[in-house]
Asker: 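This structure is in structure tokens; I'll ask about it shortly.
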Amino acid sequence: MSLPPSSPRTRSSSSSSYASSATSNGTGVAISSGSKNENVLVAGRVRPPSASELSKHGSDIWETDTILGKLSLNSEYAVQQKKQTPEYTYDAVLIGSDNRLLYDRCVRDIVRSTMEGYNGTVFAYGQTASGKTYVS
Ligand SMILES: Nc1ncnc2c1ncn2[C@@H]1O[C@H](COP(=O)(O)OP(=O)(O)OP(=O)(O)O)[C@@H](O)[C@H]1O
């Protein structure tokens with residue numbers, strides 16, 4: 001078995017970094033995905049709406065396409081709030097509360113790479129209460 005290098009290396013052909021980016025309005029927290037050909041990948045996770053958000057808006061204000069990795073504001077909400085409805089595309093979009101799925105898709109490869117001596121960073125970015133520290 002070979003030992004890891006004494007100083008961290010940077011992996012150029014597989015995922016060694018994790019970055020995230022937040023959606024607005026506190027309903028999203030972003031998580032990175034683990035494609036094999038990119039160094040920096042970005043993903044978003046939309047947390048379930050809270051009871052107070054549901055009573056205020058009636059439904060989730062985000063529309064998600066977890067297959068194509070797309071996020072956009074619910075059009076009714078956008079009209080009501082006079083907001084535009086841009087569509088955001090990420091390397092991955094996740095919904096719900098399954099942290100194991102999130103870990104498997106977005107974090108595990110990076111953790112394993114660091115154990116081989118590669119540099120790796122995982123971070124969650126998002127406004128307060130968007131779900132960065134949520135544990136189930
Ligand atoms: N994926 C999720 N499924 C269910 N509940 C969630 C999820 N994400 C967040 N929540 C709930 O939403 C609330 C806010 O989440 P959390 O504390 O993780 O936010 P945060 O981004 O870490 O906030 P802060 O920046 O203020 O520390 C908590 O009550 C948490 O349980």
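Atoms within each ligand, like the ligands themselves, are counted from 1 in listed order.
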Asker: Heavy atom to atom 24 (P) of ligand 1, shortest distance: which of Leu102, Thr128, Ile95 holds it?
Answerer: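 It is Thr128 that holds the nearest heavy atom.
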
Asker: Kindly compute the distance separating CG (Asp60) from CG (Leu54), expressed to the nearest 0.5 Å.
Answerer: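 Taking CG in Asp60 and CG in Leu54, the distance rounds to 7.5 Å.
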
Asker: What do you reckon, is CG of Leu68 surrounded by more than 12 foreign heavy atoms closer than 6.0 Å?
Answerer: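 Counting neighbours around CG of Leu68, more than 12 heavy atoms of other residues, nucleotides or ligands fall under 6.0 Å, so yes.
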
Asker: Within the 4.0 Å heavy-atom shell around Ser97, which atoms of ligand 1 are there?
Answerer: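 In order of numbering, the contacting atoms are 1 (N), 2 (C), 3 (N), 4 (C).
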
Asker: Report yes or no: does a heavy atom of Ser130 sit under 4.0 Å from some atom of ligand 1?
Answerer: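 Right, Ser130 reaches ligand 1.
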
Asker: Count the heavy atoms of every other residue, nucleotide or ligand shown that sit under 6.0 Å from CD of Glu76, and state whether that count exceeds 12.
Answerer: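 Count not over threshold, so no.
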
Asker: For Val79, enumerate each residue passing the side-chain contact (heavy atoms from CB on, under 4.5 Å) test, keeping only those at least two apart in sequence or located in another chain.
Answerer: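 Counting only residues at least two positions away or on another chain, Val79 forms no side-chain contact (heavy atoms from CB on, under 4.5 Å).
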
Asker: Are side-chain heavy atoms of Arg45 and Asn99 found at a separation under 4.5 Å?
Answerer: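 A side-chain contact exists here, since the closest heavy-atom pair is under 4.5 Å.
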
Asker: Closer than 4.0 Å to some heavy atom of Arg45 - which atoms of ligand 1 meet that?
Answerer: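 Numbered from 1, ligand 1 contributes 1 (N).
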
Asker: Looking only at distances, please establish whether an N/O atom of ligand 1 is found under 3.5 Å from an N/O atom of Gly126.
Answerer: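 No, Gly126 has no N/O under 3.5 Å of an N/O on ligand 1.
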
Asker: Can you sort out which atoms of ligand 1 are near Gln127, meaning under 4.0 Å from one of its heavy atoms?
Answerer: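 Numbered from 1, ligand 1 contributes 21 (O).
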
Asker: Consider ligand 1: state whether an atom of it lies below 4.0 angstrom from any non-hydrogen atom of Gly96.
Answerer: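 Yes.
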
Asker: Under the side-chain hydrogen bond (donor to acceptor under 3.5 Å, both in side chains) test, which residues partner Thr85, sequence neighbours left out?
Answerer: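 For Thr85, no residue satisfies side-chain hydrogen bond (donor to acceptor under 3.5 Å, both in side chains) once neighbours in sequence are set aside.
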
Asker: Hey, which atoms in ligand 1 end up nearer than 4.0 Å to a heavy atom of Pro48?
Answerer: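 Atoms satisfying the 4.0 Å criterion: 1 (N), 2 (C), 3 (N), 4 (C).
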
Asker: Do you know which of Gln81, His57, Glu63 makes side-chain contact (heavy atoms from CB on, under 4.5 Å) with Asn74?
Answerer: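 Result: among Gln81, His57, Glu63, Glu63 is the only option passing the side-chain contact (heavy atoms from CB on, under 4.5 Å) with Asn74.
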
Asker: State whether the shortest distance between N or O atoms of Gly131 and N or O atoms of ligand 1 falls below 3.5 angstrom.
Answerer: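 Looking only at distances, the answer is yes, because the N/O contact criterion of under 3.5 Å is met.
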
Asker: Near Arg47, which atoms of ligand 1 are under 4.0 Å from a heavy atom of that residue?
Answerer: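 Contacts of ligand 1 toward Arg47, numbered from 1: 1 (N), 2 (C), 7 (C), 8 (N), 9 (C), 10 (N), 12 (O).
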
Asker: By number and element, which atoms of ligand 1 are closer than 4.0 Å to a non-hydrogen atom of Thr133?
Answerer: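 Atoms satisfying the 4.0 Å criterion: 16 (P), 17 (O), 18 (O), 20 (P), 22 (O).
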
Asker: Should Tyr88 and Val93 count as side-chain neighbours, where that means a heavy-atom distance under 4.5 Å?
Answerer: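 They are not in side-chain contact.
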
